[in-house]
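Count residues from 1 along the sequence. Atoms within each ligand, like the ligands themselves, are counted from 1 in listed order.
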Amino acid sequence: MNRPILPGSTIGVLGSGQLGRMLAIAARRMGYRVHTLSPEEDTPTGQVADAEITAHYEDLDAIRAFARGVDVVTFEFENVSTDAAHAAAELVPVRPSAAALHVTQQRAREKAFLADRGFPVTAFAKVHTVDELAVALGIVGLPAIIKTAAFGYDGKGQHRIDRVEDAEGMWSLVGHQGAILERLVDFSHELSVVAARGLDGRIAHFGVLENVHRHHILDVTISPARVPSTTAADAVRLTGGILEALDYVGVLCVEFFLARDGRLLVNEVAPRPHNSGHFTFDACVTSQFEQQVRAVCGLPLGSTMQMRPAAMANLLGELWVNGEPNWAAALATPEVKLHLYGKADARPGRKMGHLTALADTPDDALAKVLAARALL
Ligand code: AMP
């Protein structure tokens with residue numbers, strides 16, 4: 001079971017978005033084959049994979065057939081059912097494990113897992129009814145955010161509550177499903193740590209990243225983060241603790257709030273490579289995607305050394321409102337790299353690609369990437 005899965009083998013990816021695409025590019029560069037399974041066709045991952053299988057994640061026969069055709073299964077987003085992960089695990093290694101997926105794919109379960117083990121999180125409560133919400137508001141305090149407990153990402157299914165009398169209206173918006181109420185954090189920075197744990201338990205991280213969100217969607221990442229070294233050390237230490245607590249194999253991202261009162265709080269854990277780690281493709285000796293290949297294949301983790309300060313800016317669908325962006329203008333900027341995900345339909349809010357800029361300092365990289373994006 002623990003023998004390394006060597007180049008020439010086939011990696012199975014559940015999910016077919018841009019994370020799978022960049023994973024597939026890294027894997028193919030190292031001589032692996034890649035198969036992807038998702039309900040869609042002509043997907044970002046499928047376009048660069050050896051085989052694209054179209055099936056629902058609930059179709060456990062299709063998942064088993066998929067697993068029989070590969071040497072290891074991983075996933076590129078966390079909304080795959082744990083039943084699917086278990087079905088695949090009957091046949092081949094699944095990394096990270098179904099157990100890690102189970103914890104991290106549901107906000108309420110994840111927050112409870114972290115809080116129970118002493119990781120710092122904002123005040124929260126699980127709520128199942130509007131009456132529980134009223135009680136929870138009294139415990140958690142205002143302002144608060146209500147989030148659907150499961151299957152949320154990029155701020156989808158999240159609503160701010162400023163007044164007790166708004167609770168009922170907000171409850172109708174989250175759709176009467178299980179939810180989590182969180183105290184709003186007054187933060188100075190949003191940070192993340194992308195790290196990997198190998199089969200041998202070794203951990204490697206890409207340092208602390210500084211993230212700026214717009215409308216709950218990541219907009220810009222700056223690396224290294226412009227925060228005190230003690231804060232950075234705390235974030236790395238907490239991330240290592242979370243990797244251990246989950247007995248994790250693979251790449252994961254821990255998102256943090258640095259509160260204005262100095263507390264560092266874990267916001268959420270993504271059990272996969274992460275948007276805030278995209279800069280590693282251009283700026284680091286080993287990218288987060290190659291690291292994922294190495295970890296899930298049981299190979300030694302690669303050096304995470306960052307060669308140049310970097311900043312990444314997402315390109316969302318609204319950039320296309322006036323037609324195709326002016327790629328040539330952005331690419332005329334030295335040390336700016338373009339990544340597009342092969343998505344045909346540029347809907348507002350949809351992640352279509354990103355730019356990475358390298359420079360002498362994080363501030364310069366940020367200015368450069370924003371200037372390049374403005375030229376689009
Ligand atoms: P999430 O999907 O939970 O990561 O939330 C997306 C974004 O919403 C975060 O990156 C924050 O910008 C904001 N957000 C979520 N939860 C909180 C919170 N408890 N306090 C303040 N901002 C939050």
Colleague: Centres of the Tyr57 and Phe75 rings: under 6.0 Å?
Modeller: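 No, the ring centres sit 6.0 Å or more apart.
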Colleague: For ligand 1, which atoms, with element, lie under 4.0 Å from some heavy atom of Gln158?
Modeller: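 Answer for ligand 1: 1 (P), 2 (O), 3 (O), 5 (O), 6 (C), 8 (O), 15 (C).
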Colleague: Using a strict 4.0 Å cut-off to heavy atoms of Arg183, name the atoms of ligand 1 that fall inside it.
Modeller: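 Heavy-atom distances to Arg183 below 4.0 Å select 19 (N).
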Colleague: Going by the atom numbers of ligand 1, which of them fall below 4.0 Å from some non-hydrogen atom of Glu182?
Modeller: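 Every atom of ligand 1 under 4.0 Å from some heavy atom of Glu182: 16 (N), 18 (C), 19 (N).
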Colleague: Report yes if the side chains of Val251 and Val194 come closer than 4.5 Å at any heavy-atom pair, otherwise no.
Modeller: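 When only atoms from C-beta onward are counted, Val194 and Val251 do touch, with a gap below 4.5 Å.
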Colleague: For ligand 1, which atoms, with element, lie under 4.0 Å from some heavy atom of Arg107?
Modeller: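 Near Arg107, the atoms of ligand 1 are 1 (P), 2 (O), 3 (O).
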Colleague: Does an N or O anywhere in Thr122 fall below 3.5 Å from an N or O of ligand 1?
Modeller: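 So ligand 1 has no N or O lying under 3.5 Å from an N or O of Thr122.
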Colleague: Less than 4.0 angstrom from a charged side-chain N to a carboxylate O is my criterion; do Asp247 and Arg197 meet it?
Modeller: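 Salt bridge between Asp247 and Arg197, a charged N being under 4.0 Å from a carboxylate O: yes.
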Colleague: Decide whether Ser81 and Glu58 meet the rule of one side-chain donor and one side-chain acceptor closer than 3.5 Å.
Modeller: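 Side chains of Ser81 and Glu58: no pair found under 3.5 Å.
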Colleague: With respect to Phe187, determine whether any N or O atom, backbone or side chain, lies less than 3.5 Å from an N or O atom of ligand 1.
Modeller: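 For ligand 1, there is no N or O atom that lies under 3.5 Å from one belonging to Phe187.
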Colleague: Please, which pairs that meet ring pair (Phe, Tyr, Trp, His ring centres under 6.0 Å) have at least one residue in residues 231-263, sequence neighbours excluded?
Modeller: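 Listed by first then second residue: Phe187-Phe257.
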Colleague: Can you sort out which atoms of ligand 1 are near His213, meaning under 4.0 Å from one of its heavy atoms?
Modeller: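 So the answer, numbered in order with elements, is 10 (O).
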